[in-house]
Amino acid sequence: MVRGAILSMLGTVLVASLGLATGRADPARGASSEAVPILMYHVIAPPVAGAPYPDLYVARADFAGQVRWLARHGYHAITLRRVYDAWHGRATLPARPIVLSFDDGYRSQFTNAFPILRARHWPGVVNLEVNDEHRPWGLSLARARALVRAGWEIDAHTISHPDLTILDAATLTREVAGSRRILRRQLRVPVDFFCYPAGRYDSAVVEAVRRAGFLGATTTRYGLALPSEL
């Protein structure tokens, strides 16, 4: 019911679910089993003329309105790491936790989304594609570091955003493990979570994510994130 209410209000914003299967958190350790919604954003700006995927754009005013709605209805934005730690008995969740994630790494995530969330002391989660750091509209390393200092989480979204399910083993490893290595070196952050490009994965991709040391991964499957589905 909560997911339906959010989606009816937020329109085309997607709810992602954690998609790297592991065992359930241990209730004996005081771990939470609460399901958590994850909203997925891309560009926080109106769509440009001829944009191939206009639904991936959310105007700044619309984003601000969505954040106001969430706050008014008692939600509190947190990071994936806090969700993971709560599921494993190492942290607590606020009332109505929610994760606001931003794919690829766009400059507008810093210029438009960041001030809105900062006013509420809410963190975001950027699933950063390494190559986007070098594009004119991309999120620069300086801005990514500023987000980290403000409490945002940076996670990996590959180097070049390919369909991981069609890659050979060496290229798959480079895109998955390599992206984590690069971001950890550049930003000095853990990069504990992975985001599947276009939500696509198969058993080989999941295994590559495991081998790279990620704790969990996000996809585009509708539903709530659960501790049984990391």
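Nothing here was measured: the structure is a model prediction, and the numbers come from that model.
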Compare every heavy atom of [Y] with every heavy atom of [X], then report the nearest pair and how far apart it is.
X      : Y      : value
Leu226 : Ala35  : CD2-CB, 3.4 Å
Gly105 : Leu128 : CA-CD1, 3.7 Å
Thr79  : Gly151 : CG2-O, 4.0 Å
Glu175 : Ser160 : OE2-OG, 2.5 Å
Pro97  : Glu34  : CD-OE2, 3.1 Å
Gly199 : Thr219 : O-OG1, 2.7 Å

Would you compute the distance between atom [atom1] of [X] and atom [atom2] of [Y] and round it to the nearest 0.5 angstrom?
X      : Y      : atom1 : atom2 : result
Ile98  : Leu224 : CD1   : CG    : 9.5 Å
Leu39  : Leu70  : CG    : CG    : 6.0 Å
Ser179 : Arg174 : OG    : CZ    : 11.5 Å
Gln109 : Asp132 : CD    : CG    : 9.0 Å
Leu139 : Phe110 : CG    : CZ    : 8.0 Å
Ser108 : Tyr41  : OG    : OH    : 12.5 Å

Where at least one partner belongs to residues 154-163, residue pairs that pass salt bridge (Lys or Arg N to Asp or Glu O under 4.0 Å), sequence neighbours excluded: Asp163-Arg200
Residue pairs passing the salt bridge (Lys or Arg N to Asp or Glu O under 4.0 Å) test with at least one member in residues 71-83, sequence neighbours excluded, are Arg81-Asp85, Arg81-Asp192
Heavy-atom side-chain contact between [X] and [Y] under 4.5 Å:
X      : Y      : answer
Val206 : Phe194 : no
Phe193 : Glu153 : yes
Val189 : Leu183 : no
Phe63  : Asn112 : no
Trp87  : Leu230 : yes
Leu164 : Leu172 : yes
Ile38  : Leu80  : yes
Pro162 : Leu167 : yes

Under the side-chain contact (heavy atoms from CB on, under 4.5 Å) rule, what do Phe214 and Val191 come out as? Steps first, then yes or no, please. CA-CA 8 Å; Phe214 290 102; Val191 192; 4.1 Å; yes
Start with the C-alpha gap between Gln66 and Leu100, add the side-chain angles, then the distance that decides, and say whether side-chain contact (heavy atoms from CB on, under 4.5 Å) holds. CA-CA 11 Å; Gln66 292 167 14; Leu100 304 183; over 6 Å; no
Go through the structure and list residues passing side chain to side chain donor-acceptor pair (under 3.5 Å) with Gln186, not counting sequence neighbours.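 Expected list: Glu133.
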Going by side chain to side chain donor-acceptor pair (under 3.5 Å), name the residues that satisfy it together with Arg143, two or more places apart in sequence or in a different chain.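 In terms of side chain to side chain donor-acceptor pair (under 3.5 Å), with neighbours along the sequence ignored, Arg143 is linked to no residue.
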Just checking Arg181: does its CZ atom have more than 12 heavy atoms from other residues, nucleotides or ligands closer to it than 6.0 angstrom? no
So, using ring-ring contact (aromatic ring centres under 6.0 Å, His included) as the criterion, who are the partners of His76 when residues are at least two apart? none
Please table the atom pairs, donor to acceptor, closer than 3.5 Å between any side-chain atom in residues 113-121 and protein atoms at least two apart or in another chain.
none

side-chain contact (heavy atoms from CB on, under 4.5 Å) assessment of Thr173 paired with Arg211: CA-CA 9 Å; Thr173 298; Arg211 285 197 311 269; 3.8 Å; yes
With side-chain contact (heavy atoms from CB on, under 4.5 Å) as the test, would you mind laying out the steps for Trp122 and Val67 before giving the verdict? CA-CA 10 Å; Trp122 283 7; Val67 169; 3.8 Å; yes
Do you know which of Asn127, Asp104, Thr218, Asn131 makes side-chain hydrogen bond (donor to acceptor under 3.5 Å, both in side chains) with His157?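 Exactly one option meets the side-chain hydrogen bond (donor to acceptor under 3.5 Å, both in side chains) with His157, and it is Asp104.
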